[in-house]
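Encoded as structure tokens, the structure appears first; notes follow it.
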Amino acid sequence: MPTNAEAAELLREIADILDVLGERFKPEAYRRASRSIESLTEDLAHVAARGELRTIPGVGDAIAEKLREFLATGRLDYRDRLRREVPPGILELLRVPGLGPKTARRFWLELGVEGPAELADAIRAGRLTGVAGFGPKKVEQIRAALAAAGPSAGARIPIAAAYPIAERLVAGLRAAGGIEQIEIAGSFRRGRETVGDLDVLVTSADPERVFDAFGRLPEVREVRLRGATKETVVLASGLQVDLRVVEPAAFGAAWQYFTGSKDHNVHLRSLARDRGLKINEYGVFRGEARIGGRTEAEVYGALDLAWIPPELREDRGEIDAAAKGPLPPLVERTDLTAEFHVHLPPDAGVRDVDRVVAAARARKLGYLGIVVASAAVDGPGPALPKAALDRLASVRVPGLALGRAVEVGPAGGPPDALAGRPDYVIVRPPAASANPPEASPGGPPVAIVAHVGGDEGARRWVAWAGAHHAAIEVGPGSERLDSTGARSARTSGVRLVVPTGVDLPDGDPTSAVALGFARRAGAGPHDVLGAADAAGFTRSGAARRRA
DNA sequence: GCCGTTTTCGGCCCGACTGTTTTCAGTCG
């Protein structure tokens with residue numbers, strides 16, 4: 001069964017081919033549908049099974065029919081026919097930065113060039129000199145782009161990997177001075193699983209100074225373009241970063257605009273047009289007069305919409321919802337009052353316990369659960385040293401409940417690991433392919449499931465958790481749920497565990513990324529396990545319920 | 001190909017930047 005990503009890629013390829021063939025509006029229609037499917041937080045096959053493909057924005061009769069064929073057979077006749085219309089290498093040309101469909105089509109039809117290698121040959125042979133529209137600079141630009149085209153060019157990176165980069169860039173720019181306000185926009189702000197580039201917005205009285213400093217940051221490999229309001233650089237890692245300087249009166253409009261998503265913005269602009277307004281990155285305009293734009297709320301307010309959290313801006317119905325009134329609150333960092341999954345070092349002592357307890361106090365957590373023993377796949381793991389266990393048993397902090405967890409493999413932990421009567425169990429499958437256990441491990445009646453083991457595993461574990469009164473951890477990495485998995489958990493009534501990061505070093509992105517995923521899944525405070533819920537998910541709480 | 005308080009046809013976001021141009025086309029986001 002094809003995945004959402006494969007279906008999105010299919011539609012994108014069709015759009016590329018139609019582009020090269022010179023179609024006018026179809027390519028954008030296919031891309032729109034492709035983006036919708038990519039941002040779907042549910043299995044496309046499920047939507048199809050319910051007969052609801054047409055409810056996906058940008059999917060009409062024709063594309064729905066093609067999706068059904070692709071889902072059923074893994075192929076699409078229409079795509080195969082289109083592929084025969086253009087040389088295969090032409091589509092690779094589209095991936096060269098600066099080369100678009102118009103240029104690729106001209107190379108193909110006017111020069112007989114059918115791919116990147118042939119184009120490089122043609123440039124070397126001087127066959128582009130004298131061709132209308134291709135001066136020396138353009139030719140050199142293309143030559144350099146062809147030479148630089150590597151496997152990593154344009155690849156998206158996990159958002160957790162983007163966090164430290166973003167922090168260094170912001171710190172570097174601040175240190176250079178001349179900046180009043182600085183924010184990150186784009187898919188990073190929307191909390192997407194991966195980001196393709198970073199969009200940085202600043203206000204400054206001295207843009208030139210900011211651009212100079214930006215281009216000189218140590219991580220910057222190349223300044224790709226620089227104008228009066230924006231500068232684009234490529235980092236040593238290959239990640240592209242756009243820096244824009246905007247005036248304070250337009251900051252909200254720019255932040256809104258560059259946060260996207262594209263489809264969200266197109267929808268907003270069409271609403272604006274219907275009202276005789278115009279929205280762009282400089283503000284909201286009635287005629288020549290700017291009537292808003294200093295804040296995002298002004299932009300949404302001009303359309304009588306409630307402010308929409310960035311994580312929801314995917315044109316998936318959030319605009320209609322915001323027209324009816326304020327959106328239901330999403331979980332906030334301050335709602336994360338419980339930590340369930342702290343691992344201490346194997347040789348942990350009193351000080352390690354005290355350190356994490358102090359951190360939990362500082363974060364005002366109400367519940368702190370520490371793994372006291374792992375009984376992993378290959379037999380019982382080490383329990384915490386006695387000194388740490390004793391400290392854990394004796395420490396008293398007003399308002400902070402301490403919990404003891406045992407982490408076990410899917411077949412259940414060895415009896416002696418559970419003999420210490422933990423408050424709850426963290427279930428950990430041995431491999432990505434692992435199936436959920438048939439029944440809850442012995443001992444405590446409830447479990448927190450972490451380490452779900454990849455995309456395919458997520459759905460099985462969500463079902464398992466639903467049947468066993470368990471909650472599931474969300475966050476970065478294949479061992480936790482992403483936003484798609486989190487949404488399926490939420491709609492199945494399975495509570496989410498969001499790591500607080502209380503045991504992690506400053507700047508570790510795990511908690512922020514996890515919170516973003518939960519929010520993208522539409523999770524409110526009550527969808528996430530907090531301190532007030534901890535009792536219901538632990539032994540003592542279960543005992544109380546029975547009593 | 002999609003879509004609709006302009007709904008079954010006729011539109012389709014909009015601006016920055018670059019290179020090649022005497023006013024614009026192509027690409028990108």
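Model, not experiment: these values are computed from the prediction. Naming convention: chains lettered A, B, ... in sequence-line order (proteins, then strands); numbering from 1 in each chain.
If you check dT18(B), dG29(B), dG1(B) against the side chain of Y30(A), the one that comes closest is dG1(B). Nearest to the side chain of A29(A), among dG1(B), dG15(B), dC13(B), sits dG1(B). Here the side chain of N280(A) is nearest to one of dG15(B), dC13(B), dG26(B), namely dG15(B). For A62(A), the listed nucleotide lying nearest its side chain is dC2(B); candidates were dC2(B), dG26(B), dC13(B). Side chain of Y282(A), nearest nucleotide from dG15(B), dC14(B), dG29(B): dG15(B). Candidate nucleotides dT27(B), dC17(B), dG19(B) were compared by shortest atom distance to the side chain of K138(A), and dG19(B) ranks first. Minimum atom distance to the side chain of T229(A) is reached by dC17(B), of the listed dC17(B), dC2(B), dT27(B). Checking dT20(B), dC2(B), dG26(B) against the side-chain heavy atoms of I63(A) singles out dC2(B) as nearest.
Regarding L277(A), its CG atom lies at a distance of 15 Å from the C1' atom of dC13(B), rounded to whole Å. Rounded to an integer number of Å, the gap from CZ of F107(A) to C1' of dT27(B) is 13 Å. To the nearest angstrom, P of dG29(B) lies 16 Å from CG of L243(A). Straight-line distance from the CG atom of D315(A) to the P atom of dC2(B): 15 Å, rounded to whole Å. Put simply, CG on L271(A) is 13 Å from P on dC13(B), counting in whole angstrom units. Going from atom CZ of R273(A) over to atom C1' of dG4(B) covers 11 Å, rounded to whole Å. The nearest whole Å value for the distance from the CZ atom in F25(A) to the P atom in dG11(B) is 10 Å. Atom CG of L18(A) and atom P of dC2(B) are 12 Å apart (whole Å).
With D19(A) as the fixed residue, the salt bridge (Lys or Arg N to Asp or Glu O under 4.0 Å) test singles out one of K102(A), R12(A), R31(A), K26(A): R31(A). Partner of E318(A) under the side-chain hydrogen bond (donor to acceptor under 3.5 Å, both in side chains) criterion, out of H264(A), R313(A), H267(A): H264(A) alone.
Between dT27(B) and Q141(A), no contact under 4.0 Å exists linking OP1 or OP2 to a side-chain N or O. Put simply, T232(A) has no side-chain N or O that comes within less than 4.0 Å of OP1 or OP2 on dC17(B). For N265(A), no side-chain nitrogen or oxygen approaches OP1 or OP2 of dC13(B) to under 4.0 Å.
Side-chain atoms of Y257(A) stay outside donor-acceptor range of the base of dG15(B), with no qualifying N/O pair under 3.5 Å.
Using a 4.0 Å heavy-atom criterion, one finds that R226(A) contacts the sugar-phosphate atoms exclusively. Heavy atoms of E281(A) sit under 4.0 angstrom from primed sugar atoms or phosphate atoms, though from no base atom. Residue contacts shown for K26(A) include a base, since a base heavy atom lies under 4.0 Å away. Among the heavy atoms of the strands, none lies under 4.0 Å from A33(A). Contacts of E65(A) with the nucleic acid, taken as non-hydrogen atoms under 4.0 Å apart, are absent. Across all strands shown, P27(A) has no heavy atoms under 4.0 Å from either base or sugar-phosphate atoms.
Atom C1' of dT8(B) sits at a distance of 10 Å from the matching atom of dC3(B), rounded to the whole Å. Annotation: dG15(B) and dT20(B) have their P atoms spaced 26 Å apart (nearest Å). Taking atom P on both dG26(B) and dT21(B), the two are 13 Å apart, rounded to the nearest angstrom. To the nearest whole angstrom, the two P atoms, one in dG1(B) and one in dT5(B), are 23 Å apart. Taking atom C1' in both dT6(B) and dG11(B), one finds a spacing of 10 Å when rounded to whole Å. Comparing dC17(B) with dC12(B), their C1' atoms sit 24 Å apart, to the nearest whole Å. For dC9(B) and dC24(B), the P atoms lie 35 Å apart once the distance is rounded to whole Å. Between dA16(B) and dC2(B), the two C1' atoms lie 28 Å apart (nearest whole Å).
Atoms CD and CZ, on E69(A) and R79(A) in that order, are 10.0 Å from each other to the nearest 0.5 Å. Taking CG of D77(A) as the reference point, atom CZ of F70(A) lies at 13.5 Å (rounded to 0.5 Å).
Remark: E296(A) engages R189(A) in a salt bridge, criterion side-chain N to carboxylate O under 4.0 Å.
Using Watson-Crick or G-U wobble geometry with both donor-acceptor distances under 3.5 Å, dG1(B) finds its partner in dC12(B).
Within a 6.0 Å sphere centred on CZ of R221(A), heavy atoms belonging to other residues, nucleotides or ligands number more than 12.
The residue among K278(A) and L99(A) whose nearest nucleotide of DNA chain B is located toward the 5' end is K278(A). With DNA chain B read from its 5' end, the first of the two nearest nucleotides for K262(A) and R32(A) is the one closest to R32(A).
Two rings, from F188(A) and Y163(A), have their centers less than 6.0 Å apart.
Ring geometry, Y30(A) versus Y78(A): the interplanar angle falls under 30°, so the pair is classed parallel (tilted spans 30 to 60°).
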